Amino acid sequence: MKKKLLGLFAILFSAVLLVGCSSSSSQNKKTTTLKIGASAVPHAQILRHVAPQLKKEGVTLKITTFQDYVMPNKALANGELDANYFQHVPFLDQWNKENHGTLVNAGGIHLEPIAVFSKKVKKLQDLKKGATIIVSSNTPDYGRVLTLFKDAGLITIKKGVNITSANFNDIASNPRHLKFKHSYEPKLLPTIYKNGEGDAVVINANYAVQAGLDPRTDSIAIEKRSSPYVNIIATRKGDQNKPAIKKLVKALQSKSTQKWIYHHYKGAVLPVKDVK
């Protein structure tokens with residue numbers, strides 16, 4: 001009887017030890033939740049793709065989608081987000097300048113080539129005198145737009161102007177007297193194009209893809225891959241060194257994710273690394 005009791009106590013003691021170890025183990029495995037703001041396409045989609053892998057590494061993504069370019073940086077600066085993923089460096093630099101901000105680039109992920117769409121002409125060079133070009137009100141993109149028209153030989157830019165900070169006042173010559181109208185919200189441009197407004201419409205790839213347009217095949221001109229307008233993960237200054245942020249950037253820049261970006265968007269969204 002004593003032997004049976006001793007055996008029973010031994011079993012119970014072992015069970016208590018196992019429960020204690022299990023509890024200790026689960027407590028030691030810390031998880032971090034990252035609140036990250038993103039444009040719906042492709043940024044939030046790419047984040048959802050890496051979310052399962054990050055969860056295994058102890059990082060849970062809480063993704064908030066935005067349909068504009070104004071609120072994500074405000075929310076990040078105010079501490080409502082830990083990071084955001086929607087913008088390129090020229091946009092971030094201008095936002096910091098205008099808002100006395102200190103947001104920083106934690107790592108480049110992909111390029112969304114901006115493109116020109118038209119229902120009137122097949123090539124950019126076919127635009128007639130006085131043609132109206134509809135552009136978004138997003139001033140950091142003006143240099144990208146001007147580069148497309150400069151490369152097509154339609155305009156020249158004043159000497160000494162940094163193209164990434166250029167605007168339409170920096171056009172030196174415009175022989176065809178092209179009219180650049182730039183007071184439109186970026187998200188409205190696909191609808192404006194589909195309605196046949198203007199002679200050409202310049203649309204960011206994220207809004208083009210979201211509207212079912214393929215910048216490679218549906219446009220009459222597209223930005224080169226060598227563009228400096230790579231989309232980044234942005235954080236508050238100092239937070240770019242936090243382990244969870246580093247894990248996020250590493251996952252997004254990994255060969256498998258970069259390859260997925262290229263194939264999933266069929267080249268309409270280009271990974272920052274040259275993988276196929």
Side-chain angles (χ1 to χ4, degrees), residues 34-48 61-115 117 133-146 163-169 180-193 197-198 201-211 213 215 223 227-240 245 248 252 269:
L34 277 183
K35 293 179 285 184
I36 181 163
S39 295
V41 179
H43 308 78
Q45 294 174 335
I46 297 171
L47 289 171
R48 291 189 194 101
L61 297 184
K62 185 178 179 183
I63 305 164
T64 301
T65 57
F66 293 86
Q67 290 297 329
D68 62 49
Y69 293 158
V70 177
M71 295 308 297
N73 277 341
K74 283 186 177 180
L76 178 57
N78 292 339
E80 298 167 35
L81 300 172
D82 299 303
N84 67 37
Y85 178 30
F86 79 100
Q87 65 192 317
H88 47 64
V89 173
F91 184 96
L92 178 66
D93 289 345
Q94 180 164 323
W95 190 89
N96 278 333
K97 185 178 178 181
E98 292 178 352
N99 297 275
H100 307 289
T102 55
L103 303 182
V104 297
N105 171 14
I109 312 302
H110 74 267
L111 170 70
E112 296 170 18
I114 202 165
F117 297 79
I133 318 301
I134 296 177
V135 182
S136 84
S137 56
N138 186 36
T139 54
D141 278 337
Y142 291 171
R144 307 172 80 178
V145 177
L146 292 169
I163 198 65
T164 60
S165 58
N167 60 51
F168 297 101
N169 292 325
F180 293 92
K181 293 190 174 181
H182 44 87
S183 58
Y184 302 85
E185 281 190 58
K187 65 183 178 182
L188 299 178
L189 295 177
T191 302
I192 289 170
Y193 161 69
E197 296 179 44
V201 183
V202 187
I203 308 176
N204 290 80
N206 60 321
Y207 289 116
V209 171
Q210 196 171 347
L213 298 170
E223 189 173 27
S227 165
Y229 294 86
V230 170
N231 278 225
I232 62 169
I233 294 293
T235 66
R236 290 182 295 279
K237 191 175 181 179
D239 286 358
Q240 73 272 25
I245 296 293
L248 170 64
L252 290 168
V269 177

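The chain is numbered in sequence order, starting from 1. What you are looking at is a predicted structure, and each value in this text was computed from that prediction instead of being measured.
Distance check: Asp141 CG to Arg144 CZ gives 4.5 Å after rounding to the nearest 0.5 Å. With rounding to the nearest 0.5 angstrom, the CG atom of Leu189 is 9.0 Å from the OH atom of Tyr184. Rounded to the nearest 0.5 angstrom, Tyr85 OH and Ile63 CD1 are separated by 11.0 Å. In this structure, CZ in Arg48 is found 7.0 Å from OG1 in Thr65, a value given to the nearest 0.5 Å. One finds the OG1 atom of Thr139 at 8.5 Å from the CG atom of Asn167 (value rounded to the nearest 0.5 Å). One finds the CD atom of Gln45 at 10.5 Å from the CG atom of Asn206 (value rounded to the nearest 0.5 Å).
With contacts defined as side-chain heavy-atom distances shorter than 4.5 Å, the pair Leu34/Ile245 qualifies. Leu111 has its side chain within reach of Glu223: a pair of non-hydrogen atoms, C-beta onward, lies under 4.5 Å apart. Residues Leu248 and Leu61 form a side-chain contact, since some pair of their non-hydrogen atoms from C-beta on lies under 4.5 Å apart. Side-chain atoms of Leu47 and Leu252, non-hydrogen and from C-beta on, do get closer than 4.5 Å to each other. In this structure, the side chains of Leu213 and Tyr207 stay at 4.5 Å or more apart for every pair of heavy atoms. Between Ser136 and Val202 there is no side-chain heavy-atom pair separated by less than 4.5 Å. Contact annotation: the side chain of Ile133 never approaches that of Phe168 to less than 4.5 Å [non-hydrogen atoms, C-beta and beyond].
Scanning all heavy atoms of the two residues, the minimum distance from Asn84 to Ile36 falls at CA-CG1, 4.0 Å. Of all non-hydrogen atoms in Ala208 and Ile203, the two that sit nearest each other are N-CG2, 3.8 Å. Listed here is the closest heavy atom pair of Arg236 and Ala77: CD-O, 4.2 Å. Minimum interatomic distance between Pro186 and Pro190 (heavy atoms only, all atoms of both residues): O-CD, 3.9 Å. Residues Val230 and Gly108 share a closest heavy-atom pair of CG1-CA, 3.9 Å. In terms of heavy atoms, Pro113 sits closest to Ala205 at O-CB, 3.4 Å.
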Is there a side-chain contact (heavy atoms from CB on, under 4.5 Å) between Tyr229 and Asn204 once you walk through the steps? CA-CA 11 Å; Tyr229 294 86; Asn204 290 80; over 6 Å; no
Please determine whether side-chain contact (heavy atoms from CB on, under 4.5 Å) holds for the pair Asp82 and Thr235, giving the CA-CA distance in whole Å, both sets of side-chain angles, and the decisive distance to 0.1 Å. CA-CA 6 Å; Asp82 299 303; Thr235 66; over 6 Å; no
For Gln210 and Gln67, what are the C-alpha separation, side-chain angles and deciding distance, and is it a side-chain contact (heavy atoms from CB on, under 4.5 Å)? CA-CA 11 Å; Gln210 196 171 347; Gln67 290 297 329; 3.7 Å; yes
Test log, rule side-chain contact (heavy atoms from CB on, under 4.5 Å), inputs Phe86 and Phe66: CA-CA 9 Å; Phe86 79 100; Phe66 293 86; over 6 Å; no
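For the side-chain hydrogen bond (donor to acceptor under 3.5 Å, both in side chains) with Asn231, the qualifying choice from His88, His43, Gln87 is His43, the only one to do so. The one candidate from Ser227, Pro140, Pro228 that meets the side-chain contact (heavy atoms from CB on, under 4.5 Å) condition with Thr164 is Pro228.
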